[in-house]
Novice: 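Let me begin by handing over the structure; questions about it come next.
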Amino acid sequence: MKKWEDEMLLVAKNCWEKHKVALLIFIIGFPFVVQLVLNIFNLFADINSWSFKFPDSSNWIGFWGSYLGVIPSGLIVYYVANIQINQQRENDKELIFKPARPLFKILYSNKIKWEDTSQFQSFSPEENLQEGTFGLDFRNETVIINNISDNSLLGIKIFVLYGNNTYDIYNINKLAGENGIILSDMKSHVDKIVIYFNTRLRELIRLTFIQKEDDVLEYCREDKFIENKDKTFPTINTKYTKYDEKYSLNNFVQSFRE
């Protein structure tokens, strides 16, 4: 679609949204006013025996049939154009936000082979936020998050959910590109790991990884939240509302680094 066509559609959309009632009254009422004026003129023409008269009412029946038939067509064109504009706007936003999203691996330390993690910083969970996790045994393995992209994760909050409905929280200020972190002091019976972070364009993302029997953390695609696409946060997904509400950069303090 040409640029000038997009601009015209935007102008028409803004005009409709601001003055829709007045426009509807005008579209329906103006022909009535014209018909009334012409009927009055014809009445005077009959009284004064004028030779000129406007077409009679039978012609107006055909006019109204054509006129009213145009209105649904116009509304359909407007609806389709509106969908196209919104879709194009979403596509344009996606082209901006997508390149800033990072790509990382998350796995247990016993699954890592031939990778050097000696330079990765290790973090312990927040004290006083381990709601009941003291009743669980510690794992021998740690969890490694390895950022294999050039994009950073910012303002990271990680919830490690356990099978007894408790969880640990890790706060990390930043995970730079081509770098990694280690989550230590993790308990046994991990159920899932939920990761919140911002991109460099301040787009909030939530990703979930489910614990499998063979100690594999599997990405749960249907539970992801990407702010540019999903919009509403905290989400209405009752599985995550509790954790969504805890994510905030206000008073965000990084967890202890070992």
Side-chain angles (χ1 to χ4, degrees), residues 89-109 112 115-131 142-161 167-186 190 192-210 217-237 239-258:
R89 185 181 292 117
E90 291 299 318
N91 291 341
D92 291 343
K93 289 177 64 177
E94 183 66 8
L95 290 175
I96 295 172
F97 283 101
K98 189 173 182 179
R101 295 171 189 154
L103 178 65
F104 60 87
K105 300 188 297 183
I106 177 170
L107 65 168
Y108 287 106
S109 55
I112 290 183
E115 290 191 42
D116 182 12
T117 61
S118 59
Q119 301 301 315
F120 292 178
Q121 291 184 331
S122 182
F123 292 86
S124 296
E126 289 291 302
E127 295 182 2
N128 303 322
L129 292 176
Q130 304 175 38
E131 302 182 1
T142 57
V143 165
I144 310 294
I145 300 178
N146 187 7
N147 185 0
I148 58 176
S149 68
D150 294 327
N151 296 317
S152 298
L153 289 76
L154 306 173
I156 310 163
K157 184 179 285 287
I158 302 172
F159 292 86
V160 180
L161 280 59
Y167 57 87
D168 278 330
I169 297 177
Y170 297 78
N171 290 331
I172 297 97
N173 289 337
K174 178 180 180 179
L175 173 54
E178 304 294 337
N179 210 329
I181 55 176
I182 300 171
L183 306 182
S184 62
D185 297 333
M186 193 169 291
V190 173
K192 65 176 68 173
I193 296 179
V194 184
I195 303 177
Y196 295 81
F197 63 90
N198 278 272
T199 69
R200 59 180 173 82
L201 295 181
R202 298 186 179 181
E203 180 186 40
L204 174 61
I205 295 177
R206 182 195 68 215
L207 302 178
T208 300
F209 300 86
I210 306 295
L217 292 166
E218 184 176 285
Y219 174 50
C220 183
R221 186 176 299 275
E222 61 269 20
D223 284 355
K224 69 180 177 182
F225 171 85
I226 299 178
E227 187 174 20
N228 179 49
K229 294 181 177 180
D230 302 308
K231 311 301 181 187
T232 305
F233 189 86
T235 60
I236 59 175
N237 188 334
K239 292 191 297 182
Y240 293 98
T241 301
K242 174 181 179 180
Y243 310 108
D244 289 353
E245 292 175 347
K246 289 183 178 293
Y247 182 79
S248 173
L249 295 182
N250 295 330
N251 301 317
F252 186 92
V253 179
Q254 182 166 262
S255 299
F256 176 74
R257 289 186 294 182
E258 299 179 358

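Positions are given from 1 along the sequence.
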Novice: Would you mind reporting whether Phe104 and Ile195 have side-chain heavy atoms less than 4.5 Å apart?
Specialist: yes
Novice: Using ring centroids (six-membered ring only for Trp), state whether Phe159 and Tyr196 fall under 6.0 Å.
Specialist: yes
Novice: Tell me whether Asp244 contacts the main-chain N or O of Thr235 through its side chain, where contact means a donor paired with an acceptor under 3.5 Å.
Specialist: yes
Novice: What is the distance from atom CG of Leu207 to atom NZ of Lys224, rounded to the nearest 0.5 Å?
Specialist: 8.5 Å
Novice: Can you confirm whether Val160 sits close enough to Tyr167 that some side-chain heavy atom of one is under 4.5 Å from a side-chain heavy atom of the other?
Specialist: no
Novice: Test the Arg206-Tyr240 pair against the cation-pi criterion, namely NZ or CZ under 6.0 angstrom from the six-membered ring centroid and within 45° of the ring axis.
Specialist: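 Judged by the rule, Arg206 and Tyr240 form a cation-pi pair.
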Novice: Could you give the distance from CD1 (Ile144) to OG1 (Thr142), rounded to the nearest 0.5 Å?
Specialist: 4.0 Å
Novice: Are the side chains of Phe252 and Asn173 in touch, meaning some heavy atoms are under 4.5 Å apart?
Specialist: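 Heavy-atom side-chain distance check passes, below 4.5 Å.
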Novice: Would you mind checking if Lys98 and Glu203 are paired as a salt bridge, meaning a charged N to carboxylate O distance below 4.0 Å?
Specialist: no
Novice: Side chains of Leu249 and Arg202: closer than 4.5 Å at any heavy-atom pair?
Specialist: no
Novice: Less than 4.5 Å apart, side chain to side chain, heavy atoms only: is that true for Tyr243 and Lys157?
Specialist: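 Counting from C-beta outward, Tyr243 and Lys157 never come under 4.5 Å.
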Novice: Salt bridge or not for Lys229 and Glu90, using N-O below 4.0 Å?
Specialist: no
Novice: With sequence neighbours left out, what residues match Leu201 under side-chain contact (heavy atoms from CB on, under 4.5 Å)?
Specialist: Ile96, Phe97, Ala100, Thr199
Novice: Will you find, in the side chains of Tyr247 and Asn198, an N or O donor that is under 3.5 Å from an N or O acceptor?
Specialist: yes
Novice: Give a yes or no on whether the backbone of Lys105 and the side-chain of Asn146 come within a donor-acceptor separation of less than 3.5 Å.
Specialist: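 Not at all, since once roles are kept as given, no pair shorter than 3.5 Å links the two residues.
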Novice: Taking the side chain as C-beta and beyond, is there a heavy-atom pair between Ile145 and Ile158 under 4.5 Å?
Specialist: yes
Novice: Asp150: what forms a side-chain contact (heavy atoms from CB on, under 4.5 Å) with it, not counting sequence neighbours?
Specialist: Glu178
Novice: Whether the Asn151 and Ser149 side chains hold a donor-acceptor pair (N or O, under 3.5 Å, no angle test) is what I'd like checked.
Specialist: no
